[in-house]
Amino acid sequence: MIEGESSRSRKVALFVTGGIASYKACEILRGLQKNGCDVRVAMTEAATEFVGPKTFEALTAHEVYLDVFESSSPIPHIELAEWADIALVAPATANVMAKMAYGIADDMVSTALLACSCPIIVAPAMNVHMWENPATQQNAETLESRGVFLVGPATGSLACGDTGTGKLAEVDQIVSATLARLRASSDLAGKHVVITAGPTHEAIDPVRYLSNASSGKMGYAVAEAAAAHGARVTLVSGPVALPAPTGVAVVHVTSAQEMLDATVDAFATADAAILAAAVADYRPAVQADHKLKKGKEDLSSIELVENPDILATISKDRGDRIVIGFAAETNDVIDNAKKKLARKGCDLIVANDVTRADSTFGSDTDSVTLVGVHSETEYPCMPKAEVANVIVSELAHMLEPEVPVTDATIVLPVGDNNAREEEQDSTC
Ligand SMILES: Cc1cc2nc3c(=O)[nH]c(=O)nc-3n(C[C@H](O)[C@H](O)[C@H](O)COP(=O)(O)O)c2cc1C
């Protein structure tokens, strides 16, 4: 068991779907229980072809969720979704991944998964051709872009005789990922984090403004991730076309001055700030109170004045609080990020090259380097939800450095290690 965490709430809804690897869900369940988790199981009809619900009932001492209408609970799918701290789909068939990607809710498992607002982990297991099919690949990407965490699949020889990617990840890897995600869901508990997102609009007149191409997706993903890590989040948002993240207080602003005021206000009670907004550097010196008329008024040039520097202002008065800024660069990315870190006086800069097709404004992915005073960590291109999780995990570490979870701290059921030696049998 992870040291010092036995009393922490760890309610895992384990969703078992229909593949040969279904039996491994028993080992996963036992691994989670040995690490202090309370586990409840939901199964698809196909999964019951491979493992009997009685096995899971005996292991959990709880009724298995099988059918939305045939249950002792009046609304079983909502009961399970609201009970869970985390949902784990293991093994996940190609079919359930497709249903999740499209929001289909036609049985107990897919309906409960659609109702889950907790973090979701998916451990796919299937034949290599099913995994490599563009439909499955696209569904996996869709799920990842929404913050679903995929463990595996692994590569090896499969039960159907094929060799390739599609094997269920190792049991301890799945248990470890679930425990790590559970742990992350509370590592910012009690902390207040202020996040800025989106562009600002600097009015020229009532209908025209200066702005930039920021979509706000990164800042919104960071806000969602911080809330998932247990923080109280205030999101100061410029004008964007995004829905408010669940469990986050949103303050809507338009101009850089409004964003500064709202951020300073929220930061007064905060432990940290992550400033992801693309704030306009300049605003028109004069904002007309009526629509400027072409031909009648001079629109050929606009005099600009500099806007307040929100990152520098917040960093200056931060005391022992953490401030993280962003640097969207088009050249000399790391060099410019280091200079920005020194100039603004913040703790960390998230640097990205916005000329890259996979990291540009509005994209769903990003490739970033975290630049600290004495560190530089480069990450591969990832969905913005994952990048946000990396940034928020780093913040949690900066606020309260802890011993990382390692495989050595995970307790697996005695005797289950034989499963690791099996080359086949976990897919198709
Ligand atoms: C012997 C056998 C093994 C199967 N193994 C897998 C598998 O590993 N992964 C998978 O995605 N589908 C597998 N299938 C197909 C699924 O069972 C089938 O797509 C089913 O509709 C999935 O339903 P579910 O997603 O509701 O559990 C297998 C089918 C059979 C008959």
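Whatever order the structure lists ligands and atoms in, that order sets their numbers, starting from 1. Residue numbers start at 1 and run along the sequence shown.
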Going by distance alone, is a donor N or O of one side chain under 3.5 Å from an acceptor N or O of the other, for Y65 and E79?
yes

Is it the case that S237 and Y220 place a side-chain donor and acceptor less than 3.5 Å from each other?
yes

Donor + acceptor pair across side chains of D187, H397 (<3.5 Å)
no

N or O pair under 3.5 Å between A46 and ligand 1:
no

Got an N/O contact under 3.5 Å between A94 and ligand 1?
yes

For M130, take its heavy atoms, then give the atoms of ligand 1 lying under 4.0 Å from any of them.
10 (C), 11 (O), 12 (N)

Count the heavy atoms belonging to other residues, nucleotides or ligands that lie under 6.0 Å from CD of E57, then report whether that count exceeds 12.
yes

Under the ring-ring contact (aromatic ring centres under 6.0 Å, His included) test, which residues partner F149, sequence neighbours left out?
none

Just verifying a value: how many Å separate Q33 CD and L59 CG, rounded to the nearest 0.5 Å?
6.0 Å

For ligand 1, which atoms sit closer than 4.0 Å to a heavy atom of M126?
7 (C), 8 (O), 9 (N), 10 (C), 11 (O)

Subset of ligand 1 atoms that lie under 4.0 Å from at least one heavy atom of T17:
27 (O)

Quick one: which of T93, V16, T136, V96 has a heavy atom closest to atom 10 (C) of ligand 1?
T93

Report the part of E49 in contact with ligand 1, treating N, CA, C, O as backbone and CB onward as side chain, heavy atoms under 4.0 Å; options are side chain, backbone, both, neither.
neither

I'd like to know if the side chain of N139 pairs up with that of T136 as donor and acceptor (distance under 3.5 Å, no hydrogens or angles considered).
no

Among the heavy atoms of A21, does any lie under 4.0 Å from an atom of ligand 1?
no

Logged contact type for T44 with ligand 1, heavy-atom cut-off 4.0 Å, is side chain

Taking the minimum heavy-atom distance to atom 9 (N) of ligand 1, which of G19, A92, A125 ranks first?
A125

